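The structure appears below as structure tokens.
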Amino acid sequence: IKTIVRPSNNYKTKECTHWQKGTCTKGDMCTFMHSPRPLIKECPNWLNGFCARGDACPMSHTNDVPKREIPKKEAQPSKNVCHFFLKGNCLKEQACPYLHEQVTPPSPSSHFDAKHLMESLFEAEIYSDTIVKEDRTVVSDLDLVQSLKNLKISQPMQNAILGPIANGIVDIESLNINRDGSDETVVRSAMQGMVNTTKKQRHRLVEALERAQQVLLCFLVDTTGSMYAHMVAVKEQIKEIVKRINESGCQLMGVSFVGYKDFDDADQFQVLPFTKSMAKFRSFVDGIEARGGGDTAENVLGGLEHAVTKLKWSRDEYRGCTKVIFHTADAPPHNTKYHDGVLDDHERYEHRPSSEGLFAAMRENSILYHFGRINSYCDKMITVFSNNDHYKKDITQFDVKDAAKIVDSVSTSVMDSISIQSEVANSEVSESSSLVLRDYSIDKSSTHSFAPFLECSVMKYFFPRDMKYLHSFQQLRFESKDYKLRVAENPFSEGAQRLAYFGQQQINDTVVDEIVLKEFKHLSKNPYLDRPRYVADLEGQTIAKWFSVKLNEKLADLRNRGQRVTSYKVSFLLAKLARIVTPGEEHGRYMFVEKKLRGGELVRYTNNYTFVRREARMEGDDFQERVDLATCFSHFTYEESEQYLLICDLEGIVSGEGENKTLLFTDPAIHCPSHIRFGSTNLGGEGVQAFFQTHRCNHICKALGLPSY
């Protein structure tokens, strides 16, 4: 039992202010002095009716002293309205020197609300494109820019409006807006045309992505005696391959088989046209006898010719589909051009059409070529096929020495191809053919020629303060610093929309940091409109990073409560925006500045439509956990943003180890149903609906309490 010891009074040297006010309730237990001196004088403000300091006031607030009446004074004339009166808590009443009257809010017409106008336009039906031409001066791009500034439209909203013009999707002059109209009329008419065009562009993009997720798959196989096990594997595993394609949100439009042997064999070629019948495919492969061959080299180019020219790749119903040739072989073509001294009875043989011509036909039909590697005999062939006069890029190879790996290799090949074709679809629909393609050549060498260091300004965004910033188009906080950068003369890689360059950032006179710089492949319609499309992407990447931090906080909270649903964190490669001015240039060159992605395989887990990567990896691989986390992140962003946006099209690498193991994504797409923003891959409500069409809530979604759809 705790004994309470009453303190002595000999240490009490400080007066108790509550005692002097008459409000101390501790009595003898109070640790401050209770002197018999008269109480502190009464607070005059309290006596007058109100003391704003409350209990913190050093004077007495007793109720036994009658309060004096406040003499009422007439309010002094003032043009200013009392803010406390508007809130309903002004205590001065008639003595207040400010006006006590309600203020009539300004009429909607006195303030141009671009945000709500855009929302209402998206809710409306698409109107006709027919525009009556009149004999008048029409608004130009620069006129629109000036009207936006005059109306003091926020910078993010300006970027959203000007982005479609910069990408060539909207031609402002074709809208035939009268230049003599008010700024509000100009912007309203321009936004109406842009929203209408954006709706149509989104419909076209959805159609293009649907086609990209329809797959034509051709098995090109050496059917000589040594390939028996691989032929059996193709026949037995085709059902599982089709299952994985369907589970990814895609559709197999047709599968074909092209077998080839050598010149002296009676049945040199065996061709099954595209079919959707798996029974027919299995029966056809089962009927091929694996025999023949003679020397080591085979008639590979003859087989490739049949695969490229004898199959109906170019039919209208296959336009825009993902088209894949998966070639499996253990021997190279005839001619020492393709091998290093294997047994070849026709080493000077020249096939017609040439291998260059065959790959040109493949490029014309948008056919992707992947190779199943069994041994080293075909290495030189793949090197030749990868050259700029053939496939023009590195050929993806899969180790299929073990025939059981056919199913995983082909599945990965198809998923990679769908990812590539989806990116192509986004690029072709999102950028107008009127834009000029930059003049460039890819340099894959390890050494690069750099331009001199140039002074430039580099801008980065900070996270939004709250969701209000997101919903209301408020300008994100940013900082801009001066740096010295230099860029390689030629890009080392290209995507469907961007070129990537090696670069260096000078930190001091002796130290440089290796970086990657990216720019759009197509020049902006007008140089002065280049910045908005770069800033729109930068804004999207910053917001994606912000949501990844929010998800990591939720996952950490689950771990602290003993619920470890994933071993990964989520993050995004956060870019900065550099404006590099070369002497003699007026507008400068805009480029994204990123850290180098080091290590790890770059994998696309989802696109900006219904595709979700489905693969069965090796035992112990955590691939499915990464897919679950990626799709959960998209779902999380929709709920966390109060259903304002959904972040998808997630591609990245695995970075770090242990507690720091992270899925590091880059270049996401953001669907926003109500607004034009976040770039041309924003599919709006159709994109959100497409995601939930294939999304199945996993254990991470359920642990976070996300609602199922």
Side-chain angles (χ1 to χ4, degrees), residues 213-248 250-293 298-300 302-315 317-318 321-331 365 367-372 374 398 400-415 417-418 614-616:
Q213 293 178 194
Q214 296 172 344
V215 182
L216 285 175
L217 175 60
C218 169
F219 287 93
L220 175 61
V221 182
D222 177 345
T223 58
T224 56
S226 60
M227 293 292 294
Y228 174 76
H230 291 81
M231 290 172 56
V232 172
V234 169
K235 179 187 70 175
E236 297 298 330
Q237 297 173 15
I238 185 63
K239 186 175 181 180
E240 176 63 22
I241 293 169
V242 174
K243 177 185 175 185
R244 294 184 189 179
I245 292 173
N246 292 336
E247 287 179 347
S248 69
C250 304
Q251 177 186 5
L252 186 65
M253 292 291 289
V255 60
S256 68
F257 188 96
V258 175
Y260 64 88
K261 292 182 170 61
D262 208 353
F263 298 130
D264 300 328
D265 297 315
D267 52 346
Q268 230 189 117
F269 304 108
Q270 309 88 35
V271 179
L272 172 69
F274 288 117
T275 178
K276 292 184 179 180
S277 170
M278 296 304 103
K280 187 175 182 179
F281 179 88
R282 288 164 58 93
S283 176
F284 181 85
V285 177
D286 198 37
I288 300 174
E289 185 178 353
R291 59 177 176 77
E298 311 292 0
N299 189 10
V300 176
L304 189 60
E305 178 188 356
H306 278 68
V308 173
T309 64
K310 303 300 182 183
L311 300 177
K312 305 297 184 182
W313 297 98
S314 59
R315 289 172 57 176
E317 61 185 293
Y318 299 151
C321 293
T322 295
K323 304 169 184 178
V324 186
I325 292 177
F326 192 91
H327 183 188
T328 307
D330 61 357
N365 285 288
I367 302 171
L368 300 171
Y369 175 84
H370 294 164
F371 185 70
I374 297 174
F398 298 89
V400 294
K401 184 177 181 180
D402 181 358
K405 293 182 178 179
I406 287 284
V407 61
D408 290 338
S409 298
V410 175
S411 299
T412 302
S413 167
V414 171
M415 299 299 161
S417 301
I418 294 169
R614 303 292 184 194
E615 295 179 31

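Treat the numbers as computed from the prediction; the structure is a model and nothing was measured.
- No side-chain heavy atom of L311 sits under 4.5 Å from any side-chain heavy atom of K323.
- Of all the heavy atoms in F269 and G303, the pair that sits closest is CE2-N, 3.5 Å.
- Of all heavy-atom pairs between I374 and V400, the closest is CG1-CG2, 3.9 Å.
- Put simply, the side chain of V300 reaches to within 4.5 Å of the side chain of H327, judged on heavy atoms.
- Here the side chain of D402 pairs a donor or acceptor atom with the backbone of A404 at under 3.5 angstrom.
- Closest of all the heavy-atom pairs between M253 and E317 is CE-O, 4.2 Å.
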Exercise. Should K243 and K239 be marked as a side-chain contact (heavy atoms from CB on, under 4.5 Å) after you check the CA-CA gap, both sets of side-chain angles, and the distance that decides it?
Worked result: CA-CA 6 Å; K243 177 185 175 185; K239 186 175 181 180; 5.9 Å; no

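- Nearest heavy-atom pair, L304 versus Y369, reported as atom, atom and distance to 0.1 Å: CD1-CE1, 4.2 Å.
- Taken to the nearest 0.5 Å, the CE atom of M227 stands 10.0 Å off from the CD atom of E298.
- The main-chain N or O of S409 is never found under 3.5 Å from a side-chain atom of S413 such that the two would form a donor-acceptor pair.
- Looking at heavy atoms from C-beta onward, L272 lies out of side-chain contact with V285 at the 4.5 angstrom threshold.
- Legend: residues meeting ring pair (Phe, Tyr, Trp, His ring centres under 6.0 Å) with F263, ordered by chain and number and at least two apart, are H334, H346, Y349.
- The two residues A329 and F371 make their nearest non-hydrogen contact at O-CZ, 3.8 Å.
- Between H230 and D330 there is no side-chain heavy-atom pair separated by less than 4.5 Å.
- Under the 3.5 Å distance criterion, the side-chain polar atoms of K280 are left unmatched by any main-chain donor or acceptor of T275.
- Screening V234, T328, I241, V324 against V410 for a side-chain contact (heavy atoms from CB on, under 4.5 Å) leaves a single residue, I241.
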For this session: Mind running side-chain contact (heavy atoms from CB on, under 4.5 Å) on F257 and T223 for me, showing each step along the way?
Result: CA-CA 11 Å; F257 188 96; T223 58; 4.2 Å; yes

Exercise. Taking it one step at a time, do V414 and F326 satisfy side-chain contact (heavy atoms from CB on, under 4.5 Å)?
Worked result: CA-CA 9 Å; V414 171; F326 192 91; over 6 Å; no

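- By the 4.5 Å heavy-atom criterion applied to side chains, H306 and Q268 are not counted as neighbours.
- For the atom pair SG of C250 and CZ of R244, the computed distance is 14.0 Å after rounding to the nearest 0.5 Å.
- The two residues A403 and A233 make their nearest non-hydrogen contact at O-CB, 3.4 Å.
- In this structure, NZ in K235 is found 13.0 Å from CZ in F284, a value given to the nearest 0.5 Å.
- Under the 3.5 Å distance criterion, the side-chain polar atoms of T412 are matched with a main-chain donor or acceptor of D408.
- Using a 4.5 Å cut-off on side-chain heavy atoms (C-beta onward), R291 and D267 make contact.
- For W313 (side chain) and Y318 (main-chain N/O), no donor-acceptor pair under 3.5 Å exists by modelled atom type.
- In this model, no donor atom of one side chain and acceptor atom of the other lie less than 3.5 Å apart for K261 and T224.
- Inter-residue side-chain proximity for K405 and F398 is flagged as unmet; no heavy-atom pair is nearer than 4.5 Å.
- Side-chain contact check for I238 versus F219: some heavy-atom pair is nearer than 4.5 Å.
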For this session: May I have the step-by-step check of side-chain contact (heavy atoms from CB on, under 4.5 Å) for L216 and R315, ending in yes or no?
Result: CA-CA 12 Å; L216 285 175; R315 289 172 57 176; over 6 Å; no

